[in-house]
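First the structure, in the form of structure tokens, and then the observations on it.
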Amino acid sequence: MPNSVLTPQASDFPQWYQDILNKAELADNGPVRGTMVIRPYGYSLWEHVQAEIDARIKAAGAQNVYLPLFIPESYLRKEAEHVKGFSPELAVVTHAGGKQLEEPVVVRPTSETLFGEVMANWIQSYRDLPLLLNQWANVVRWELRPRMFLRTTEFLWQEGHTAHATQEDAAQYARKILHEVYQDFFNNVLALPVLIGRKTRKERFAGAANTMACEGMMRDGKALQMATSHELGQTFAKAFNIDFTDVAGKVQLAWTTSWGSSTRILGGLIMAHGDDNGLRIPPRLAPIQVVVLVVRDEQGVGDRARALISEMKAAGIRTQLDTDVSSSFGRRATNWELKGIPIRIELGPRDLAAGNATVVRRDTAAKSAIPLQGVVAAIARMLEEIQANLLAEATATQKKHLTDVKTIDQARDAAQEGFARLPWLVLGEAGEAELAQGGITVRCLQRPDGAISKSEDDPELLAIVAKAY
RNA sequence: CGGGGCGUGGCCCAGCGGUAGGGCACCUGGUUUGGGACCAGGGGGUCGCAGGUUCGAAUCCUGCCGCCCCGACCA
């Protein structure tokens, strides 16, 4: 079934990515450079990402709040590293209400400063800690080189902000989020394995004491940072006076964290699972898990299809009915494939006569005839198989694009194809700068067993380097 | 912001000095429908924008803007 709708990945991956944004009706460019119009199908994917991540954040004990879009410019300046890191990409409002503002207002690029202000107000005693907050919001960073979903000037995300009584508690919580929210979501919902580790000093968040991240491997061999979690030390506590009275009655500075994940995840979803025929959405994430395509509405096919939809709904399966017989069969099949619907059920007179449903898996393209009685249970099982298969495929892709090397030169070569892993002692900050000349960055540092090291001076640390989005 | 490529109906592209075309998509009617159907009719573009050259510019020149790729910056 050759499909000329999309540019093949092998011939031009970036063009394939552009094609799929259009053909799967995910997003358009907005009128202002770097902005995007997220279309209904693209937004429904984001809503499912949100729902899954939000549930995990709440399970980790954080509560949602909403803080303002506008931040006084002076707030950013309260933390030197932070303002230095963000000032090049700030959008600043200087005029409003027909007048020049006395103090310019920045459109939030991230909200550490506002949360700092709020936390300082809300925290009095150790009894108020830990304070675990999160917000879903849009942020603006004026990007030099935007790419849809991967790096847009305005994007949607969640940013968690917490304050703790001790450094140890903050460090633990930042790791808990990384594992129980992000890694769990990527593995079990997005069907994508991620490498987790510390960022180097160079790659660290502006103002953080330690940045940790989840790095995914895309099908073209480039890495994508898909979520981050920061230990902010007492940097923001100092800048905003986030202090509390401890059990002994002594005033102490709090330790804060922040952590985020964004619409970039959709870019990762597209590039990690999509193939030459379109998207492949993991069933647990899919807004539509099964589409029932009525081939021809004759001999009661439409009624049987509607009954099948009801049965699946009752079983908790997300479905869509396609009875649009004014479009040809091939066109409709292709469109659902482009959108990556995990399972397509084709129902026509021939199937009904045989008492079967024709069931097509999006991941493998395998087509099978399944007896209509019992089809719902079979579909439910198949959805889990598809979920597992996509994870297995992505795991194989990650493995294929991960090479252990011994020298910086070898790392440079290997990084053309994916992740290259070598001892951090061999690479070092000098080697990091050298590789950066070739567009290769250190994605993360981790222990030989893949764990996150407690210390950045751990002599066993391995550096994972790659070209990245 | 540096280097490269590209801007012509919604999408892909032809035209490259003589006043705008094709395919797909869209609308109407009909026939179809098991992998992007077919016939007939129809609507839609101040050729990215602004100057300039010319009797005449989509076409030549200059500047700007936008998109894509490769860098610097970043989730």
Side-chain angles (χ1 to χ4, degrees), chain A residues 1-7 12-19 21-23 25 28-34 84-90 109-110 139-159 182 199 202-206 211 213-216 223-230 258-268 277-278 293-298 301 322-338 344-354 356-358 360 365 367 369 436-441 467-469:
Chain A
M1 47 171 193
N3 188 326
S4 58
V5 175
L6 301 172
T7 302
D12 187 345
F13 197 87
Q15 188 57 50
W16 170 86
Y17 186 78
Q18 292 299 318
D19 287 353
L21 292 174
N22 291 326
K23 296 296 170 74
E25 302 179 327
D28 296 337
N29 280 311
V32 172
R33 177 182 164 77
K84 199 173 119 198
F86 279 103
S87 54
E89 42 189 357
L90 289 181
T110 178
V139 286
V140 167
R141 298 178 188 179
W142 220 258
E143 290 294 344
L144 302 177
R145 189 179 161 194
R147 307 168 69 101
M148 295 272 264
F149 287 122
L150 300 173
R151 192 185 306 100
T152 47
T153 283
E154 178 189 8
F155 57 95
L156 307 181
W157 78 343
Q158 66 55 224
E159 51 178 322
Y182 300 136
K199 287 288 182 181
K202 180 176 180 295
E203 299 281 331
R204 205 175 274 164
F205 175 77
T211 289
C214 299
E215 297 283 332
L224 182 68
Q225 177 176 306
M226 303 192 61
T228 52
S229 186
H230 315 287
S258 68
W259 27 277
S261 62
S262 72
T263 35
R264 170 178 274 191
I265 286 173
L266 296 184
N277 294 320
L293 194 156
V294 170
V295 178
R296 274 175 296 154
D297 193 0
E298 297 167 4
V301 172
D322 177 356
T323 55
D324 179 19
V325 292
S326 64
S327 274
S328 73
F329 172 83
R331 170 165 300 278
R332 291 185 287 149
T334 304
N335 281 340
W336 292 119
E337 233 155 47
L338 280 166
R344 181 174 71 249
I345 299 181
E346 300 172 0
L347 212 56
R350 291 208 307 248
D351 300 292
L352 242 55
N356 287 334
T358 299
V360 189
K367 197 176 267 200
Q437 300 301 309
I440 298 160
T441 50
K467 293 197 163 184
Y469 279 101

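Naming convention: chains lettered A, B, ... in sequence-line order (proteins, then strands); numbering from 1 in each chain. When reading the values below, keep in mind they use all heavy atoms of this one structure, side chains included, and skip hydrogens, waters and symmetry mates. Nothing here was measured: the structure is a model prediction, and the numbers come from that model.
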Are the side chains of A/T153 and A/V140 in contact, using a 4.5 Å heavy-atom criterion?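 A/V140 vs A/T153: side chains touch.
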
Quick one, give me the B/S/- string for nucleotides 5-13 of chain B, reading 5' to 3', where B means a protein heavy atom under 4.0 Å from the base and S means that only happens at the primed atoms, P, OP1 or OP2. ---------

Whom does [N] pair with, Watson-Crick or G-U wobble, provided both distances fall under 3.5 Å?
{"N": "B/G35", "answer": "none"}
{"N": "B/G21", "answer": "B/C13"}
{"N": "B/U46", "answer": "none"}
{"N": "B/G7", "answer": "B/C65"}

Nucleotide nearest A/S328 (side chain, heavy atoms from C-beta), chosen from B/C68, B/U33, B/A37: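 So the side chain of A/S328 is nearest to B/A37.
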
If you check every side-chain atom of A/R141, which of B/U33, B/C68, B/C74 has the closest atom? B/C74

At less than 3.5 Å, do the side-chain atoms of A/R151 and the base atoms of B/C74 form a donor-acceptor pair?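 Answer yes: a donor N or O sits under 3.5 Å from an acceptor.
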
Atom CG of A/D351 and atom C1' of B/G34: how far apart are they, to the nearest Å?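 Taking atom C1' of B/G34 as the reference, CG of A/D351 is at 8 Å.
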
Calculate the interatomic distance between A/D12 atom CG and B/C69 atom P; express it in whole Å.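 In whole Å, B/C69 P lies 9 Å from A/D12 CG.
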
When you check the side-chain N and O atoms of A/Q158 and A/S261, is any donor under 3.5 Å from an acceptor?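 There is such a pair between these side chains.
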
Hey, is the side chain of A/R147 poking within less than 4.0 Å of OP1 or OP2 on B/C69, counting only N and O atoms? yes

Pull out every protein N or O sitting under 3.5 Å from an N or O of nucleotides 25-27 of chain B, one pair per line with the distance.
unit_1: B/A25; atom_1: OP1; unit_2: A/R331; atom_2: NH2; d: 3.4

Aromatic rings A/W259 and A/Y182: how do their planes relate, parallel, tilted or perpendicular, breaks at 30° and 60°?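 It falls in the perpendicular class, over 60°.
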
